[in-house]
Number of protein chains: 2
Amino acid sequence: MTVRVLLADDEHLIRGALAALLALEDDLVVVAEAATGPEALAMARAHAPDVAVLDLQMPGADGVKVATSLRAELPACKVLIVTSHGRPGHLKRALAAGVRGFVPKTVSAQRLAELIRTVHAGNRYVDPELAADAISAGDSPLTAREAEVLEHAADGAPVAEIAERAALAEGTVRNYLSSAATKLGAENRHAAVRLARERGWV
Amino acid sequence: MTVRVLLADDEHLIRGALAALLALEDDLVVVAEAATGPEALAMARAHAPDVAVLDLQMPGADGVKVATSLRAELPACKVLIVTSHGRPGHLKRALAAGVRGFVPKTVSAQRLAELIRTVHAGNRYVDPELAADAISAGDSPLTAREAEVLEHAADGAPVAEIAERAALAEGTVRNYLSSAATKLGAENRHAAVRLARERGWV
DNA sequence: CACCGGGCATGACAAATGTCAGGGCCGGGG
DNA sequence: CCCCGGCCCTGACATTTGTCATGCCCGGTG
């Protein structure tokens, strides 16, 4: 009755250390490791693990995107996400993607092992503190277009460029940017981008 | 002839895993752990380790600041910095602070153990890739005022506010912002802030 | 000394950005 | 059915931001 685990994290140091620690548990076995989103997906297809432990931020595709694909291809594989910087919005999106567990990297390895068993048993677990943050932060007040335009504005692009990419008039883009900034209580669109990112709304 | 090591990283999961792996090495012993900059300093004072392994980004004070203090108080303690996201400027500042080693978290635990011995022996080591980045990125082309103004602009503040904080006319502020953006090859000041941050120049 | 060259600083002008008033569309109540 | 509210979209106008020409001061060079 061993649990087959896939480990995905771009930091080799951490991934290796984690693998070693989990190997100490009698009932857990790490069957595959990955350093990027696509790699994690490929490994999952090849090894069909019982539980996938994914880092939230990886090159290629983030943990939530991988979880979404996994949900479709390997419904039996439970997903547990670990993250360094807990953004409220990410938690919400992760749960929507069918993730079974969501914890910060501040937990101990012992606790992580327990949680792997927990999600494997079919239960859910989210870190209480992150959950509290997510609830107090509430839902994103942004409409679909506002969020879309904000995303395009993320790297400091001029309005003309955003307008072209979104196929909108410049005036319209300015409007969405402005209303988004107002809703977030930001002085201008750049501060708005920062805030939205922090809350995980983009 | 055992090496006494201090481990500082805000992520408990990683710190614990690392401690466990390093404990497997006969000649290494972890004498203290810390989760924040100030804590690392206190631990170092209390235990006088041979080598301090510091994460670059920690709450309170970053690895470079801790290294600077350590240099003054415990000159015998060698510092090895590990980081997730290697910014060229940080490497430069770290070396200026007397750090003996600088590596990304993508190295293996085995390699890390070797490096701890390397710096303990009095040698230096910096990751070749990070070194190449630092060299190709070169020195900051920004003048003192340009960097100062860029820093104030970091959180998307309007020019008027920056001008007040820097005690400059608005026109002057715009000028520094503009010349900084030009030097960095950025479209506008916000993109410039991002680039400068990436390179560790602010 | 006289003459650069570079950093620091400023105000005026042009260009980008933010704000406003308003119109079309759609779904839910009264 | 008709109205209301929310979302989507637009152009015109005011404000903010970016660019330019200009001047001062200082340290190094011929």
Side-chain angles (χ1 to χ4, degrees), chain A residues 89 92-93 96 137-202, chain B residues 89 92-93 96 137-202:
Chain A
K92 200 156 296 189
R93 280 193 293 145
D139 269 333
S140 169
L142 304 174
T143 69
R145 281 288 186 290
E146 284 166 356
E148 183 193 339
V149 170
L150 251 199
E151 238 169 313
H152 283 131
D155 51 354
V159 172
E161 201 176 311
I162 301 171
E164 193 182 0
R165 284 200 287 203
L168 288 175
E170 295 192 13
T172 311
V173 170
R174 282 197 283 274
N175 246 146
Y176 285 138
L177 254 20
S178 176
S179 74
T182 304
K183 283 177 181 175
L184 298 177
E187 282 290 323
N188 54 46
R189 66 190 165 119
H190 303 285
V193 166
R194 265 198 325 113
L195 287 172
R197 274 212 191 299
E198 274 174 23
R199 294 164 162 71
W201 289 339
V202 292
Chain B
K92 201 157 297 190
R93 281 192 293 146
D139 270 333
S140 169
L142 304 175
T143 68
R145 282 290 186 287
E146 285 166 354
E148 182 192 340
V149 170
L150 251 199
E151 239 169 312
H152 284 130
D155 50 355
V159 172
E161 201 177 310
I162 301 171
E164 193 182 0
R165 286 199 286 204
L168 289 176
E170 296 191 14
T172 311
V173 170
R174 282 197 284 274
N175 246 144
Y176 285 138
L177 255 19
S178 177
S179 75
T182 304
K183 284 178 181 174
L184 298 177
E187 282 289 325
N188 54 47
R189 66 193 165 114
H190 304 285
V193 167
R194 267 195 326 110
L195 287 172
R197 274 213 191 299
E198 274 174 23
R199 300 187 177 147
W201 287 340
V202 291

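In what follows, chains are A, B, ... by sequence order, proteins preceding strands, each numbered from 1.
- Side-chain atoms of B:Thr182 come within 3.5 Å of backbone atoms of B:Ser178 as a donor-acceptor pair (strictly under, hydrogens ignored).
- Nearest heavy atom pair, residue A:Leu177 against residue A:Ala153, reads CD1-CB, 4.3 Å.
- The shortest side-chain heavy-atom distance between B:Glu146 and B:Lys183 falls under the 4.5 Å cut-off.
- Contact check for A:His190 versus B:Arg189: no side-chain heavy atoms found under the 4.5 Å cut-off.
- In this structure, B:Ile162 and B:Ala157 approach most closely via the heavy-atom pair CD1-O, 3.8 Å.
- As a whole-Å value, the separation of B:Tyr176 OH from D:dT19 C1' is 16 Å.
- Side chains of A:Val193 and A:Leu184 form no contact here, defined as non-hydrogen atoms less than 4.5 Å apart.
- The heavy-atom pair separating B:Arg93 from B:Gly200 by the smallest distance is NE-O, 4.4 Å.
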Expected rows: protein N/O vs nucleotides 16-19 of chain C N/O, under 3.5 Å:
unit_1 : atom_1 : unit_2   : atom_2 : d
C:dT17 : OP1    : A:Arg189 : NH2    : 2.8
C:dT17 : OP2    : A:Val159 : N      : 3.1
C:dG18 : OP2    : A:Arg189 : NE     : 3.2
C:dG18 : N7     : A:Arg174 : NE     : 3.0
C:dG18 : O6     : A:Arg174 : NE     : 3.3
C:dT19 : OP2    : A:Ser178 : OG     : 2.6

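- The shortest side-chain heavy-atom distance between B:Tyr176 and B:Leu168 falls under the 4.5 Å cut-off.
- In terms of heavy atoms, B:Arg194 sits closest to A:Asp155 at NH2-O, 3.5 Å.
- Axis angle across the helix from C:dC1-D:dG30 to C:dG30-D:dC1, with five pairs used at each end and values rounded to 10°: 10°.
- Remark: B:Thr143, B:Arg145 in residues 142-151 of chain B come within less than 4.0 Å of DNA chain C through at least one heavy atom.
- Residue A:Arg197 places its CZ atom among 12 or fewer non-hydrogen atoms of other residues, nucleotides or ligands, all under 6.0 Å distant.
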